[in-house]
Amino acid sequence: MGDWRRSHDCGALTASDVGSEVCLMGWAQFRRDHGGLIFIDLRDRGGLTQVVFCPEGSQAELERAHVLRTEYVLAVKGRVRARPEGMANPSMPTGEIEVEVKEFKLLNTAATPPFPIEDRIDASEMLRLKYRYLDLRRPKLAANFILRNKAVQSIRRYLDQLGFLEVETPVLTKSTPEGARDFLVPSRVNNGSFYALPQSPQLFKQLLMMAGFDRYYQVVKCFRDEDLRADRQPEFTQVDIEMSFVDEEQVMGMAETMVKTMFREAAGVMLPEVFPRMPFAEAIRDYGLDKPDIRFGLKLVDVTSIVKNSGFQVFAKAELVKGIRVPGGAALSRKEIDDFTEFVKIYGAKGLAWIKIKEDEWQSPFAKFLSDEEKKGLTEAFGLEVGDIVFFQAGASDMVNNALGYLRLQLGERFELIPEGSFAPVWITDFPLLEYDPEAKRWAARHHPFTSPQPGQLGTLESAPGDALARAYDLVLNGSEIGGGSIRIHDRETQRAMFAVLGIDAKEAEDKFGFLLRALEYGAPPHGGIAFGLDRLIMILAGAKSIRDVIAFPKTQKALCLMTEAPGEVSTNQLRELGIKLRTRDKDKEQS
RNA sequence: GGGGCUGUAGUUAAGUUGGUUAUAACGCCGGCCUGUCACGUCGGAGGGCGCGGGUUCAAGUCCCGUCGGCCCCGCCA
């Protein structure tokens with residue numbers, strides 16, 4: 001570059017800069033070579049500016065510029081000029097001007113990229129991930145990271161103003177028995193022992209409260225070795241927060257304002273002044289899921305009592321029978337209904353019952369089994385009108401709620417009931433403290449084992465564990481869980497009772513959580529907190545379909561990084577130092 | 001662990017019931033071009049169909065296995 005210095009970025013120049021001498025540096029996006037005149041759209045993170053190589057600028061540079069190709073890296077010096085009459089490009093922010101090149105430097109050449117660097121991309125994601133650094137040059141993708149930066153800055157500013165202390169917690173820590181599968185790191189100094197990467201800094205942030213830090217936060221990587229999804233990566237970022245001397249209201253209030261502030265500052269999006277709240281039981285009742293998308297209706301209706309003596313055995317025998325009324329749904333084709341039937345089978349449904357409400361009859365494979373009284377009951381329960389379709393699911397409660405809950409989302413999409421660009425946050429409260437694990441035949445913490453029961457629930461905890469409610473709360477946005485937290489247990493006795501219900505005996509508790517139990521004896525303050533999934537939050541804010549679009553270097557569904565080809569094998573020397581012997585490698589030797 | 005979709009020039013795709021030399025567009029290379037903006041125009045090169053087996057006179061096309069990619073169930077306190 002010599003002594004050349006960039007004077008502007010490629011999105012900065014406007015008509016008011018006409019006449020000024022500038023220096024731009026960036027990548028050649030498009031080249032339009034007219035022989036005696038060459039246009040190049042120069043691109044950097046800031047945008048795109050048309051630079052013109054022409055005789056008026058410099059005949060010598062024009063002749064030199066014919067070798068330029070896409071993605072070559074250039075520095076140009078020249079004069080900003082207004083484009084000639086009628087030549088402005090209204091679709092470009094810098095479309096009124098162009099830079100007449102007087103001198104340029106070729107900073108680097110570039111091989112032809114494997115896919116074009118432009119927003120209307122059609123390259124496969126496999127290829128894009130292999131060349132992630134090229135994909136990230138695309139303005140649309142880069143915009144997600146600019147947004148992400150704004151969001152994080154906003155959150156930090158907000159929490160800092162409230163006196164929160166950002167503290168780092170260990171990445172090499174201890175494996176904990178509950179929760180997701182841990183990523184393990186072998187210890188060289190202590191062969192046979194392993195660190196675990198944190199699934200979240202949960203215990204550390206509680207210990208920071210016991211340390212008297214009062215208000216803590218951290219933007220922190222967390223690791224869970226579970227299968228991936230469109231919205232799940234093995235390493236992801238949490239905005240982790242903990243506060244002392246607070247109750248639910250204070251944590252939720254603080255978090256709500258944080259999210260509102262961030263949406264406004266980062267994206268200009270105004271969220272509702274007050275987020276609605278919904279008890280867990282109501283969410284399941286009306287939406288079938290604990291993360292309801294409340295941007296549209298189609299609530300589930302429980303009709304178990306109406307059909308409990310029905311001649312239709314599928315209904316009569318079921319633990320729970322629920323339905324969804326879709327106004328105008330009678331127009332659905334048989335094929336579409338079959339597709340929905342296949343869809344609910346994913347969630348363990350055996351089939352999907354339906355009734356089309358026609359002018360003169362109920363069209364349905366099972367309407368003939370329904371008595372007039374049952375029909376009347378259903379008509380009232382759903383508020384049925386001609387042209388509706390009702391879908392039913394009958395069977396075990398969990399299956400019915402889950403299948404219909406997800407069917408509702410499908411129907412919302414099919415009937416275009418979800419308003420574009422809308423954001424609907426909702427707090428889910430009053431979660432059950434525990435849930436039964438039928439495989440392990442024991443109760444497990446729904447949130448985590450340090451979540452405090454609601455007042456007066458300690459008795460319930462022993463008599464009817466499933467009914468005990470937790471001081472826990474989730475924040476759901478557009479049907480996606482973006483944050484969750486709780487008021488924690490801060491006395492040793494409650495913590496012991498909790499471990500007892502979970503089947504963790506004193507010895508195991510001491511082994512796994514001794515450090516926490518000990519800390520609880522030294523004056524632990526009442527405390528609670530919340531953690532947000534930052535990637536998911538940004539994904540929703542950016543309107544991205546995948547969490548990969550807001551993570552700079554994401555992994556594929558098989559948890560591979562196509563760019564670095566991680567994970568990879570390591571040398572036997574490295575393994576020996578760690579005291580590790582591979583079973584598969586031995587097996588290969590035996591076979592060969 | 002399971003279900004669905006998918007892999008063909010650099011890229012995105014088409015490719016009949018197996019049948020000459022595997023199509024197209026974009027990109028790339030070369031020529032021409034002073035107002036383009038996904039510039040235009042003329043010409044050219046480029047793959048043997050993810051990989052390995054098999055069936056067949058003959059395989060992108062059928063079969064088996066295997067490796068990837070995407071979505072989902074399980075899993076994710």
Side-chain angles (χ1 to χ4, degrees), chain A residues 29-42 48-57 59 62 66 69-71 83-92 94-95 98 100 111-131 134 176-182 199-200 202-203 222-234 236 339 342-349 399 402-403 406 410 431 433-435 437 439 443-451 470 472 481 484-486 498 502 531 533 545-546 548 555-558 560 562 565:
Chain A
Q29 172 87 358
F30 297 112
R31 176 182 63 117
R32 296 178 292 278
D33 187 340
H34 292 240
L37 187 68
I38 301 172
F39 298 99
I40 282 180
D41 292 332
L42 202 64
L48 224 51
T49 298
Q50 173 167 288
V51 301
V52 193
F53 297 84
C54 56
E56 310 92 275
Q59 181 65 35
L62 168 62
H66 288 292
R69 294 292 181 269
T70 51
E71 298 309 309
R83 295 198 192 176
E85 192 67 29
M87 296 300 157
N89 183 348
S91 61
M92 268 172 95
T94 61
E98 61 193 6
E100 177 186 282
T112 304
F115 53 87
I117 312 297
E118 47 188 48
D119 279 335
R120 25 179 216 87
I121 188 84
D122 58 359
S124 72
E125 191 163 11
M126 217 193 306
L127 195 67
R128 290 167 47 203
L129 287 172
K130 180 172 178 185
Y131 299 95
L134 297 182
T176 48
E178 303 242 352
R181 195 176 291 115
D182 285 318
Q199 297 175 24
S200 84
Q202 182 60 37
L203 293 175
C222 302
F223 306 86
R224 294 179 188 175
D225 189 6
E226 297 293 347
D227 287 350
L228 289 80
R229 287 286 190 283
D231 63 352
R232 263 162 44 187
Q233 284 273 308
F236 60 98
D339 287 347
E342 284 308 303
F343 176 78
V344 294
K345 284 181 181 171
I346 295 171
Y347 302 97
M399 183 281 289
N402 210 31
Y406 283 105
Q410 284 288 108
F431 279 91
L433 187 63
L434 306 167
E435 60 191 354
D437 179 349
E439 259 180 48
W443 291 95
R446 186 182 172 92
H447 190 57
H448 56 57
F450 319 107
T451 298
E481 186 205 321
S486 63
M498 185 70 180
L502 295 173
K545 287 208 167 54
S546 163
R548 295 184 297 278
K555 293 178 177 58
T556 68
Q557 195 160 51
K558 285 210 130 176
L560 306 175
L562 297 182
E565 297 186 320

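Below, read A as the first sequence line, B as the second, and so on, with proteins coming before strands; counting in each chain starts at 1. Hydrogens, waters and symmetry mates play no part in the numbers below; they use all other heavy atoms, side chains included.
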* What integer number of Å spans the P atoms of B:A9 and B:A24? -> 15 Å

* Any idea which of B:C72, B:G35, B:C37 is nearest the A:A230 side chain? -> B:C72

* With heavy atoms under 4.0 Å as the rule, sort A:F450 into base, sugar-phosphate or nothing. => nothing

* Where is the tightest heavy-atom contact between A:R446 and A:F431, given as atom of each residue plus distance? -> NE-CD2, 3.5 Å

* Most 5' of A:R446 and A:K545 on RNA chain B, judged by nearest nucleotide -> A:K545

* Quick one: closest heavy-atom pair of A:C54 and A:L37, and the distance? => CB-CD1, 3.4 Å

* **Atom pair distance, as rounded to whole Å: CE in A:M92 and C1' in B:A38** => 13 Å

* To do: Between B:A13 and B:C76, how far apart are the C1' atoms? Round to whole Å, please.
  => 37 Å

* Closest to side chain of A:Y347, choosing from B:U34, B:C70, B:C73 -> B:C73

* To do: Can you tell me the distance, in whole Å, between the CG atom of A:D122 and the C1' atom of B:A14?
  => 15 Å

* To do: Pick base, sugar-phosphate or nothing for A:R548, based on heavy-atom distances below 4.0 Å to the nucleic acid.
  => sugar-phosphate

* Touch class at under 4.0 angstrom, heavy-atom based, for A:P55 against every strand present -> base

* Please work out if A:T451 contacts a base, only the sugar-phosphate, or nothing of the nucleic acid, heavy-atom cut-off 4.0 Å. => nothing

* Could you tell me whether A:Q233 contacts a base, only the sugar-phosphate backbone, or nothing, with contacts defined as non-hydrogen atoms closer than 4.0 Å? => nothing

* Taking it one step at a time, do A:L228 and A:T556 satisfy side-chain contact (heavy atoms from CB on, under 4.5 Å)? -> CA-CA 8 Å; A:L228 289 80; A:T556 68; over 6 Å; no

* Taking the same atom, P, in B:G54 and in B:C49, what whole-Å distance lies between them? -> 15 Å

* To do: Using a strict cut-off of less than 4.0 Å between a Lys/Arg side-chain nitrogen and an Asp/Glu carboxylate oxygen, indicate whether A:R32 and A:D41 qualify as a salt bridge.
  => yes

* **Separation between CD of A:Q50 and CG of A:L42, rounded to the nearest 0.5 Å** => 11.0 Å

* Out of B:U36, B:U12, B:C76, which nucleotide sits closest to the side chain of A:R232? -> B:C76

* Would you say the base of B:G35 and the side-chain of A:E85 have a donor-acceptor pair closer than 3.5 Å? -> no

* To do: In whole angstrom, give me the gap between the C1' atoms of B:U8 and B:U61.
  => 11 Å

* **Length of the CZ-P vector between A:F223 and B:C75, whole Å** => 24 Å

* Asked: Does the separation of the ring centres of A:H66 and A:F53 fall below 6.0 angstrom?
  -> no

Return the polar atom pairs (N/O with N/O) between nucleotides 1-7 of chain B and the protein under 3.5 Å, or none.
none

* Asked: Which part of the nucleic acid, if any, lies within contact of A:L127, taking any heavy atom under 4.0 Å across all strands shown: a base, the sugar-phosphate backbone alone, or nothing?
  -> sugar-phosphate

* Asked: Could you state the CD-C1' distance from A:E342 to B:C72, rounded to the nearest angstrom?
  -> 14 Å

* Asked: In terms of side-chain geometry, is the basic nitrogen of A:E125 or A:R128 positioned less than 4.0 Å from the acidic oxygen of its partner?
  -> no

* Could you check which of B:C33, B:C76, B:C71 has an atom nearest any side-chain atom of A:D33? => B:C33

* Per the atom types in the model, does the base of B:C33 pair as donor or acceptor with the side chain of A:R32 at under 3.5 Å? -> no

* Structure fact -> Atom NZ of A:K130 and atom P of B:G10 are separated, to the nearest Å, by 12 Å

* For atom CD of A:E226 and atom P of B:C73, their distance in whole Å -> 14 Å

* Asked: Rounded to the nearest Å, what distance is computed from the NE2 atom of residue A:H66 to the P atom of nucleotide B:C33?
  -> 9 Å

* Structure fact -> The nucleotide from B:G35, B:C71, B:C28 with an atom nearest the side chain of A:T112 is B:C28

* Minimum-distance pair of heavy atoms, taken over all atoms of A:C222 and A:Q199 -> CB-O, 3.3 Å

* Just call it for A:A88: base, sugar-phosphate, or nothing, with non-hydrogen atoms closer than 4.0 Å on any strand. => base

* Structure fact -> In Watson-Crick or G-U wobble terms, with both distances under 3.5 Å, the base opposite B:C70 is B:G4

* Asked: Among all residues two or more places apart in sequence or in another chain, which pass the side chain to side chain donor-acceptor pair (under 3.5 Å) test with A:E481?
  -> none

* Nearest-nucleotide pick for A:I346, side chain only, options being B:C73, B:C29, B:C70 -> B:C73

* A:Q557 CD to A:R232 CZ distance, which is reported to the nearest 0.5 Å -> 9.5 Å

* Asked: Side chain of A:K558: nearest nucleotide among B:G69, B:C71, B:C73?
  -> B:G69

* Pairwise P distance, B:G53 and B:G60 [rounded to whole Å] -> 14 Å

* Choosing from B:C71, B:G35, B:G69, which nucleotide comes nearest the side chain of A:L562? -> B:G69

* Asked: From B:C39, B:C28, B:C73, pick the nucleotide closest to the side chain of A:F30?
  -> B:C39

* Reckon A:P114 touches a base, only the sugar-phosphate, or nothing at all at heavy-atom distances under 4.0 Å? -> sugar-phosphate

* **Exercise: identify the closest heavy-atom pair between A:A470 and A:L433** => CB-CD1, 3.4 Å

* Nearest whole angstrom, please: distance from the C1' of B:C37 to the CZ of A:R120. => 12 Å

* How is A:Q199 classified with respect to the nucleic acid when contacts are heavy atoms under 4.0 Å: base, sugar-phosphate, or nothing? -> nothing

* Asked: How far does the C1' atom of B:C32 sit from the matching atom of B:U21, given to the nearest Å?
  -> 32 Å

* Structure fact -> Heavy-atom nearest nucleotide on RNA chain B taken for A:T556 and for A:R229; more 5' hit belongs to A:T556

* Structure fact -> Looking only at B:U34, B:U12, B:C76, the nucleotide nearest the A:L37 side chain is B:U34

